[in-house]
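For reference, the structure discussed in these notes is given below.
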Number of protein chains: 2
Amino acid sequence: MLDDTKRRLLNTAGQIFADKGFEAASIREICQQAEANIAAVHYHFGDKKQLYVATVRLAQCAQSDEIPFPELPADMPAAQRLRTFVGTMFERMLSADRPKWHLQLMLRELSYPTEACEAIVHDYIRPMADSLRTILAELLPGDMPEPERWQVGFSIVGQVLFYYVHQPIIRLLIGDEAYRNLTVDTLADHVTRFSLAALGQRMPQEVAS
Amino acid sequence: MLDDTKRRLLNTAGQIFADKGFEAASIREICQQAEANIAAVHYHFGDKKQLYVATVRLAQCAQSDEIPFPELPADMPAAQRLRTFVGTMFERMLSADRPKWHLQLMLRELSYPTEACEAIVHDYIRPMADSLRTILAELLPGDMPEPERWQVGFSIVGQVLFYYVHQPIIRLLIGDEAYRNLTVDTLADHVTRFSLAALGQRMPQEVAS
DNA sequence: GCGGGAATCAAACAAGTGTTTGATTGAATC
DNA sequence: GATTCAATCAAACACTTGTTTGATTCCCGC
């Protein structure tokens with residue numbers, strides 16, 4: 001392979017950056033684990049910071065590609081589309097069979113933003129927000145002012161993200177065993193039912209597992 | 001004052017730790033900003049790590065003292081107690097007149113836990129969780145199984161924490177001006193109303209501002 | 001077979017890290 | 001006034017950091 005070391009560097013760097021953060025990750029550790037020379041990062045990327053933004057960019061693309069957001073046909077009931085939306089978010093977050101550092105790195109960047117944050121919001125978050133707001137347009141009264149519509153969206157997304165960002169809290173609170181029982185479907189069903197009820201809607205039977 | 005430098009060290013260290021994280025914060029920067037000698041941290045705390053856990057412990061205590069959780073009298077309607085609970089959380093998070101590094105440091109520790117995390121969960125989170133679960137006991141059907149009760153609690157707390165943890169996203173999504181319009185009361189009202197509706201309850205009029 | 005450019009390598013760079021030392025201060029105690 | 005002990009200080013410690021250099025290897029096109 002041509003740029004094999006460059007690819008190896010990107011992947012292991014992303015893993016370590018996601019795990020420890022930018023400052024705590026050292027180039028030597030990255031290169032050693034990637035079986036590359038220390039000078040390779042300078043040669044291929046310029047410096048540490050450029051390597052970092054490259055990993056963020058990679059994570060962003062990969063994350064979108066691996067579990068693409070399903071097309072939500074306009075004739076599908078809004079409640080069911082909401083269930084699909086929430087389910088896809090949980091899928092992206094908790095699905096264990098893919099490299100987990102992609103989302104991990106992105107969420108770290110979103111919580112403690114550097115210069116790479118804006119790109120994520122623009123390319124990754126914004127489309128999701130638009131998709132959710134389209135769904136909500138059918139579930140909310142037409143005269144609801146814009147700020148309130150945003151808050152409803154935040155209430156839904158906040159529920160989902162909580163399970164990812166605060167895994168340590170949840171584990172310590174309910175115990176490891178109960179945590180393992182939290183499946184993607186269970187959580188997606190709960191959040192969807194909870195949110196639909198908050199909007200005065202019922203959970204459609206055909207999607208409630 | 002006797003231990004003035006020790007106190008100064010704790011406060012500026014906590015600020016910097018909260019801002020940059022443990023690894024990225026340097027002892028020299030802390031000491032310079034605290035107007036203390038570099039050896040002072042070794043003298044008063046032992047090493048950098050012990051200084052860090054001391055700041056976390058301080059943040060934890062201060063955070064509880066400054067905005068103590070109000071006693072929720074048992075004869076107050078559960079819906080109103082929920083509004084108070086949510087309001088206090090927002091108060092702790094967004095009230096601008098207190099040093100903000102306390103909660104900032106605690107939430108950083110909760111998202112990326114070190115050894116100090118368990119103590120926070122045990123001494124700070126657990127009591128809050130118990131308080132919320134007591135309120136929910138009156139709002140939820142008595143035969144609801146334990147895991148679902150937890151999920152309802154997470155749905156409520158998740159909504160609240162979202163506004164703190166993901167401030168950067170919110171700002172970029174809705175714009176700076178709209179963000180400034182989000183007051184503690186507005187948000188607490190929304191989250192409470194949303195959650196109560198999800199549980200089939202109405203927002204009590206006397207607390208809806 | 002041979003030049004030439006891309007890629008890799010060991011080695012060293014200067015700067016910054018946490019930590020430690022040993023001397024110096026200052027105020028309270030006898 | 002002498003002693004004592006906690007607190008502070010400048011200086012150096014050994015080590016790691018990101019970065020750079022210059023030589024070496026590798027492989028492709030001529």
Side-chain angles (χ1 to χ4, degrees), chain A residues 1-59 101 104-105 108-109 112-117, chain B residues 1-59 101 104-105 108-109 112-117:
Chain A
M1 185 121 356
L2 274 185
D3 290 315
D4 195 29
T5 63
K6 187 172 180 178
R7 204 176 43 81
R8 243 173 22 238
L9 226 38
L10 267 174
N11 276 294
T12 63
Q15 229 167 311
I16 295 182
F17 280 141
D19 193 39
K20 314 181 149 186
F22 176 77
E23 313 264 0
S26 91
I27 287 192
R28 278 177 174 79
E29 181 188 2
I30 293 172
C31 289
Q32 186 176 353
Q33 191 169 323
E35 301 182 59
N37 189 273
I38 317 176
V41 37
H42 169 253
Y43 180 79
H44 286 287
F45 299 96
D47 58 1
K48 187 185 179 184
K49 183 141 238 160
Q50 295 183 64
L51 169 60
Y52 175 78
V53 308
T55 62
V56 173
R57 198 151 30 211
L58 169 61
W101 69 265
Q104 205 175 331
L105 183 61
R108 189 183 276 274
E109 178 66 28
Y112 303 102
T114 71
E115 61 204 27
C117 177
Chain B
M1 183 119 359
L2 275 185
D3 289 317
D4 196 29
T5 61
K6 187 172 179 177
R7 203 176 44 81
R8 245 177 16 243
L9 225 39
L10 267 174
N11 275 294
T12 63
Q15 229 167 310
I16 296 181
F17 280 142
D19 193 39
K20 313 181 149 185
F22 176 76
E23 312 264 1
S26 90
I27 287 193
R28 278 175 174 79
E29 181 188 2
I30 293 172
C31 289
Q32 185 176 352
Q33 192 168 322
E35 301 181 59
N37 189 274
I38 317 175
V41 36
H42 168 254
Y43 180 79
H44 286 287
F45 299 96
D47 59 0
K48 186 186 180 184
K49 184 142 237 162
Q50 295 182 63
L51 169 62
Y52 175 77
V53 307
T55 61
V56 174
R57 199 151 28 209
L58 168 62
W101 68 265
Q104 205 176 332
L105 183 60
R108 188 184 276 274
E109 177 66 29
Y112 303 102
T114 71
E115 61 204 27
C117 176

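Throughout, a chain's letter reflects where its sequence line sits, starting with A, and its residues are numbered from 1.
Contact annotation for B:A25: backbone-only contact, meaning every heavy-atom pair under 4.0 Å involves sugar-phosphate atoms and none involves a base. Residue-level contact check: A:A40 touches neither bases nor backbone, having no heavy atom under 4.0 Å from any strand.
Between D:dG18, D:dT21, C:dA7, one nucleotide has an atom nearer to the side chain of A:I27 than all others, and that is D:dG18. The side chain of B:D47 lies closest to C:dT19, out of D:dT19, C:dT19, D:dA10. Side-chain proximity of B:K48 to the nucleotides D:dT21, C:dG18, D:dG18 is greatest for C:dG18. Listed candidates were D:dT8, C:dT17, C:dA6. Nearest to the side chain of B:R28 is C:dT17.
If you measure from atom OH of B:Y43 to atom C1' of C:dG22, you get 15 Å, rounded to the nearest angstrom. Spacing between atom CD of A:E23 and atom P of C:dG16 amounts to 14 Å, rounded to whole angstrom units. C:dT19 atom C1' lies 13 Å from atom CD of B:Q50, rounded to whole Å. Going from atom NZ of B:K49 over to atom P of C:dT19 covers 10 Å, rounded to whole Å. The distance from atom CZ of A:R7 to atom C1' of C:dT8 is 17 Å, rounded to the nearest whole Å. As rounded to whole Å, 15 Å separates atom P of D:dT17 from atom CG of A:L51. The nearest whole Å value for the distance from the CD atom in B:Q32 to the P atom in D:dC9 is 13 Å. One interatomic measurement links the two molecules: CZ of A:F45 to C1' of C:dT8, which rounds to 15 Å at whole-angstrom precision.
Nearest-nucleotide positions on DNA chain D place B:A39 closer to the 5' end than the other of B:A39 and A:I38.
OP1 or OP2 of D:dT8 has at least one side-chain nitrogen or oxygen of B:T5 nearer than 4.0 Å. Side-chain N/O atoms of B:N37 include none lying less than 4.0 angstrom from OP1 or OP2 on D:dA7. OP1 or OP2 of D:dT19 has not a single side-chain nitrogen or oxygen of A:H42 nearer than 4.0 Å. Put simply, B:H44 has no side-chain N or O that comes within less than 4.0 Å of OP1 or OP2 on D:dA6.
At least one side-chain heavy atom of B:W101 sits less than 4.5 Å from a side-chain heavy atom of B:L58.
Relative to the six-membered ring of A:F17, A:K48 misses at least one condition, a distance below 6.0 Å or an angle of at most 45° to the axis. Stacking of A:R108 on the aromatic ring of A:F22 is not recorded, the 6.0 Å distance cut-off and the 45° axial limit not both being met. Judged by a 6.0 Å distance limit and a 45° cone about the ring axis, B:K6 is not positioned over the six-membered ring of B:Y43.
Inspection of the B:E115 and B:Y52 side chains reveals no N or O donor paired with an N or O acceptor under 3.5 Å.
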